[in-house]
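As structure tokens, the structure follows; a few thoughts come after it.
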Amino acid sequence: MDLKERIRRRQHSGEESRVVLDYDAISPVAHVEEPTGRGPVLERLLDYLEPVFDGGLPPNAYVWGPSGAGKSAVVTALFEHLSRLLSGGGTVIHTTTRAQSRPTPSFVYVDARRADTDVGLYHAVLDGLTEGSVPKHGVGTETMRSRLAERLAPAEASAVVAVDHVGEPGTVAPGDLAGTLDVAGDSLARVAVGRSPPGELAEGASPPEHIRVPPYEDHTLVDVLTNRVSEGLARGTVEHEQTRRLAAWANGDAHDALAGLFGAADVAVAERHDRIYERDLEAGMEGVPRPSVSTGRVLTLPENRQRVLRRLVDLDSEALRSVDAATEAIAASPGIDLSAATIKRFLYELAEDGITERVASPRATEGVGRPPSRIEPLFPTIVFRRLYDLRHG
DNA sequence: GATCCACGGGAATACACGGATG
DNA sequence: CATCCGTGTATTCCCGTGGATC
């Protein structure tokens, strides 16, 4: 950094950056109301859901596609609109001239990352189906199960339940979903959303209907980015060429592309730049491992695990050298009241779950005993740091 | 009183290495 | 030379406990 730069920083140090207007708008975990460039997939889903417009239920389905293909974006947007337009309010609306006008089903979207146990699933579905609040504790699994069954027991009651992110480490497997949610006979249709190709599902675990969500084409991904940029960043802060670079680099993965953009913008802010420069873009992409764990997965981890990860992303390579060193550094950092034993266990478990990676030390000459392993984050670090801080004041 | 879940904590096991053993 | 053994770490595993909630 030269003197001119130093002085320039001081000059601007009192000013707010004008690069980012709204972090949520460029966040890889936020979804927009109208997904860009996923028209054909929406059509497929609407075809599949056709029976609901006559008050019926579609068969169970499996929506699948690679990371960052817009599965969650499309399903959340669609379910949001459907429940608002169809079952919303439960009043009138159904003044159709159709022969047999049955009430349309309810639409419930469940994130399996949040509902990661049987009780959790029952709770989430029941919550989406019920007006008031649903007890989270003190009620046994079986009780919740029968409450859900009761809720869907009346002849006219039915629901389409989308369960997103099935088959990830820590979430329900697509094959187990049937066993868990088969509580209400044929008044509940399941839409599992996951990454594994249907062929890889366990024997007999594949629903009758499959809907594939292909990865984004580069030019479509550019559109996605451009739309987000226009919502979240100040005019003229990103060049078109830069969005093209991001799209090409992300290889069709909208999550990664947005994470890179978000990171670049955040770096630009930190550097007090007036727009995203090349080095900001580089740094932004640098902050996204390839392949990357979804930011959403990290942000739905239990609070204390996120707290540990938040400290982890601030550690230097010296502290990341071993699990022990990282544990020590984290335990010593402010705002951590977990015991060292617990922090260490978290670090091992996070690595086991694929959130981080333990890299075995290549040389084992130093000292005796089993050599330690280095820790590397496998999630978008800059994005996580910013979003975590925004959520925690 | 019941239920679920995250924590703590420590026991059990795995691994790496050098040196002893067969 | 192939194995086994002891020592020192690293890693995994598991269960009791306590808070929060109903």
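Reminder, nothing fancy here: chain letters follow the sequence lines and each chain counts from 1. Heavy-atom basis, side chains included; hydrogens, waters and symmetry copies ignored.
R345(A) places its CZ atom 13 Å from the C1' atom of dG16(C), with the value rounded to the nearest Å. Nucleotide dA10(C) holds its P atom 11 Å from the CD atom of E328(A), rounded to whole Å. Spacing between atom CE of M144(A) and atom C1' of dA2(B) amounts to 14 Å, rounded to whole angstrom units.
Considering only the side chain of P371(A), dA16(B) comes nearest among dA16(B), dG9(B), dC22(C). Closest to the side chain of V139(A), out of dC22(C), dG9(B), dT11(C), is dC22(C).
Both tests do not hold together for R145(A) against Y122(A): distance to the six-membered ring centre under 6.0 Å, angle to the ring axis within 45°. Remark: R290(A) is positioned above the aromatic ring of W249(A), its terminal NZ or CZ atom under 6.0 angstrom from the ring centre and at most 45 degrees off the axis.
Closest approach of F379(A) and V298(A) over heavy atoms only: CB-CG2, 3.6 Å.
A salt bridge does not link R245(A) to E241(A): none of the charged side-chain nitrogens sits closer than 4.0 Å to a carboxylate oxygen.
Residue contacts shown for S339(A) are limited to sugar-phosphate atoms, with no base heavy atom under 4.0 Å away. At the heavy-atom level, R305(A) lies under 4.0 Å from the strands shown only through sugar-phosphate atoms. Contacts of D337(A) with the nucleic acid, taken as non-hydrogen atoms under 4.0 Å apart, involve only primed sugar atoms and P, OP1 or OP2. If you check every strand for non-hydrogen atoms under 4.0 Å, E352(A) touches sugar and phosphate atoms only.
The base of dG8(C) has none of its N or O atoms less than 3.5 Å from a complementary donor or acceptor on the side chain of R370(A).
Contact between the side-chain N/O atoms of S322(A) and the OP1/OP2 oxygens of dA10(C) is not found at any separation under 4.0 Å. Side-chain N/O atoms of T141(A) include none lying less than 4.0 angstrom from OP1 or OP2 on dT3(B). Proximity of S373(A) to the phosphate of dT11(C): a side-chain N or O atom is located under 4.0 Å from OP1 or OP2. Between Y348(A) and dT12(C) there is no side-chain N or O to OP1 or OP2 distance below 4.0 Å.
Here the CZ atom belonging to R386(A) is positioned 10.5 Å from the CD1 atom belonging to I26(A), to the nearest 0.5 angstrom.
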